[in-house]
Visitor: 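So that we are looking at the same thing, I have put the structure below in structure tokens.
Counting from 1, the numbers follow the sequence of the chain as shown.
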Amino acid sequence: MKVSERRICRALGQHRSTQRYRPRGRADEERLVADMIELARRYGSYGYRRVAALLRDAGWQVSDGRIEKLWKREGLKVPPKQPKRSRLWLNDGSCIRLRPEYRNHVWSYDFVHCRTDDGKAFRTLNILDEFSRECLTIRVKRRLNSTDVIDALTDLFILRGPPAFVRSDNGPEFVAKDVRAWIEAVGAKTAFIEPGSPWENGYVESFNARFRDELLNREIFYSLREAQIIIEGWRKHYNTKRPHSALGFRPPAPETIIKIEPRPTMH
């Protein structure tokens, strides 16, 4: 049906200029999109909310909604919504309620396995403060045993003091008598999860997933030393820069810059 624009606008009660309007982006939109795409390229597993937090940290005054629109327009990945999870109930009807309430309340730790480019295996011992989500240390060696667990915890206890609880799975390195006795000797308590129930150690399991997805699956390590350096760099980024959704998209331990003003000179 061929009807003139003038007649259609008169019938709809619209001004003809509305049919010629073309939305124009803001003056800074091109630079904003470029920065957004660069962050999406650098951190391929991040969604738009985490990228928006990084942009605000870099000085942009943008909302999550604006970044979401640009994110979809540019065809970037939009992570699917996660299904709701129910509480964890034991067979006797009780519910696990050991939840971190303050820093140094509950630490958790676990091993992650990987390989260098020559096919040789190495392991990482990841230790996490469950309340702050800060990764306290990542120990990287070809082999890790109960002695290495004690050494890593000793270094942290000297720096931070012992936590109230240390949570882990039932691996031989964690339930070794020497480890249990040493943890109790410094005033902490052990909290072992039920066998075959990794979800009870959810904080460190979630961290391990991010660690593997954002680093281990994206890097080729040609030597153990290279792995140690790159992993330590990622740990510092995770603690000081990476926005954490559970913390309101703030990093677990942001760096603080102290600016010292020069003292006035006396004349």
Visitor: Using side chain to side chain donor-acceptor pair (under 3.5 Å) as the criterion, list what pairs up with Asp155, not counting sequence neighbours.
Guide: Arg139
Visitor: To the nearest 0.5 Å, how far apart are CG in Asn217 and CD in Glu219?
Guide: 11.0 Å
Visitor: Test of understanding: with side chain to side chain donor-acceptor pair (under 3.5 Å), list the residues that count as partners of Asp57, not counting sequence neighbours.
Guide: none
Visitor: Any luck finding a side-chain donor-acceptor pair between Arg180 and Ser146 under 3.5 Å?
Guide: no
Visitor: Once you round to the nearest 0.5 Å, how far does CG of Leu159 lie from CZ of Phe157?
Guide: 11.5 Å
Visitor: Is the shortest side-chain heavy-atom distance between Glu134 and Arg103 below 4.5 Å?
Guide: yes
Visitor: Charged N to carboxylate O under 4.0 angstrom, Asp148 versus Lys141?
Guide: yes
Visitor: Working note: Phe111 + Asn208, criterion side chain to side chain contact (heavy atoms under 4.5 Å, CB included); need CA distance, chi angles, decisive distance, verdict.
Guide: CA-CA 9 Å; Phe111 288 118; Asn208 291 345; over 6 Å; no
Visitor: Can you confirm whether or not the ring centre of His237 sits under 6.0 Å from the ring centre of Tyr43?
Guide: yes
Visitor: Taking the six-membered ring where the residue is Trp, are the ring centres of Tyr46 and Trp71 under 6.0 Å apart?
Guide: no
Visitor: So, for Ala40 and Leu76, which heavy atoms are closest and what is the spacing to 0.1 Å?
Guide: CB-CD1, 4.2 Å
Visitor: Is the Phe211 to Tyr238 ring centre distance short of 6.0 Å?
Guide: no
Visitor: Kindly say whether Asp213 contributes a backbone atom to a donor-acceptor pair with the side chain of Arg218 at under 3.5 angstrom?
Guide: yes
Visitor: Donor-acceptor pair, distance only, cut-off 3.5 Å: does the side chain of Arg167 make one with the backbone of Glu130?
Guide: no
Visitor: Considering only heavy atoms from C-beta outward, does the side chain of Val112 approach that of Arg123 to under 4.5 Å?
Guide: no
Visitor: Determine whether a donor-acceptor pair (N or O, by modelled atom type, separation under 3.5 Å) exists between the side chain of Arg133 and the backbone of Pro252.
Guide: no
Visitor: Can you name the nearest heavy-atom pair linking Pro163 to Ala188, along with the distance?
Guide: O-CB, 3.2 Å
Visitor: Suppose clustering is done on Ile, Leu, Val, Met, Phe, Trp and Tyr with side-chain heavy atoms closer than 4.5 Å. Which residues sit in the same group as Tyr222?
Guide: Ile220
Visitor: What is the minimum heavy-atom distance between Asp129 and Ser132, and which atoms define it?
Guide: OD1-N, 3.3 Å
Visitor: Which residues satisfy the ring-ring contact (aromatic ring centres under 6.0 Å, His included) test with Phe249, sequence neighbours excluded?
Guide: none
Visitor: Going only through I, L, V, M, F, W and Y residues with side-chain contacts under 4.5 Å, is there a path from Leu216 to Val204?
Guide: no
Visitor: Do Pro162 and Val186 touch side chain to side chain, with heavy atoms closer than 4.5 Å?
Guide: yes
Visitor: Does the pair Glu74 and Met36 meet the rule for a side chain to side chain contact (heavy atoms under 4.5 Å, CB included), with working shown?
Guide: CA-CA 10 Å; Glu74 298 298 321; Met36 180 187 72; 4.0 Å; yes
Visitor: Would you say the ring centers of Tyr203 and Trp107 fall short of 6.0 Å from each other?
Guide: no
Visitor: Okay, side chain of Arg115, backbone of Gly119: is any donor-acceptor separation there less than 3.5 Å?
Guide: yes
Visitor: Got Leu153 and Ile183 here, is their nearest side-chain heavy-atom distance under 4.5 Å?
Guide: yes
Visitor: I'd like to check the salt bridge (charged side-chain N to carboxylate O under 4.0 Å, His left out) partners of Arg143; sequence neighbours left out, ordered by chain and number.
Guide: none
Visitor: With sequence neighbours excluded, tell me which residues meet side chain to side chain donor-acceptor pair (under 3.5 Å) with Thr124.
Guide: Asn126
Visitor: Are any of the side-chain heavy atoms of Arg142 and Thr116 separated by less than 4.5 Å?
Guide: yes
Visitor: Return the set of residues passing salt bridge (charged side-chain N to carboxylate O under 4.0 Å, His left out) with Glu214 (not counting sequence neighbours), or none when no residue passes.
Guide: Arg242
Visitor: Look at Lys189 together with Glu184 and state whether they make a salt bridge at an N to O cut-off of under 4.0 Å.
Guide: no
Visitor: I need the full list of ring pair (Phe, Tyr, Trp, His ring centres under 6.0 Å) pairs touching residues 129-149, with sequence neighbours left out, sorted by first then second residue.
Guide: none
Visitor: Just wondering, do Phe122 and Phe221 contact through their side chains at under 4.5 Å, heavy atoms?
Guide: yes
Visitor: Less than 4.5 Å apart, side chain to side chain, heavy atoms only: is that true for Tyr109 and Val149?
Guide: yes
Visitor: Is Arg49 paired with Glu68 through a side-chain N to carboxylate O contact shorter than 4.0 Å?
Guide: no
Visitor: Would you call Arg73 and Glu29 a salt bridge, taking side-chain N to carboxylate O under 4.0 Å as the test?
Guide: yes
Visitor: Among residues at least two apart in sequence or on other chains, which ones pass side chain to side chain donor-acceptor pair (under 3.5 Å) with Arg210?
Guide: none
Visitor: For Arg250, which residues count as a salt bridge (charged side-chain N to carboxylate O under 4.0 Å, His left out) partner, sequence neighbours excluded?
Guide: none
Visitor: Return the CD to CG distance between Glu205 and Leu128, rounded to the nearest 0.5 Å.
Guide: 11.0 Å
Visitor: State which residues pass salt bridge (charged side-chain N to carboxylate O under 4.0 Å, His left out) with Glu38; sequence neighbours excluded, sorted by chain then number.
Guide: Arg41, Arg42
Visitor: Are Arg235 and Cys135 side-chain neighbours, meaning at least one heavy-atom pair lies under 4.5 Å?
Guide: yes
Visitor: Would you mind writing out the side-chain donor-acceptor pairs for residues 58-67 within the sub-3.5 Å range, not counting sequence neighbours?
Guide:
unit_1	atom_1	unit_2	atom_2	d
Trp60	NE1	Asp35	OD2	2.9
Ser63	OG	Arg66	N	3.2
Asp64	OD1	Arg56	NH1	3.1
Asp64	OD1	Arg56	NH2	3.2
Arg66	NH2	Asp28	OD1	3.2

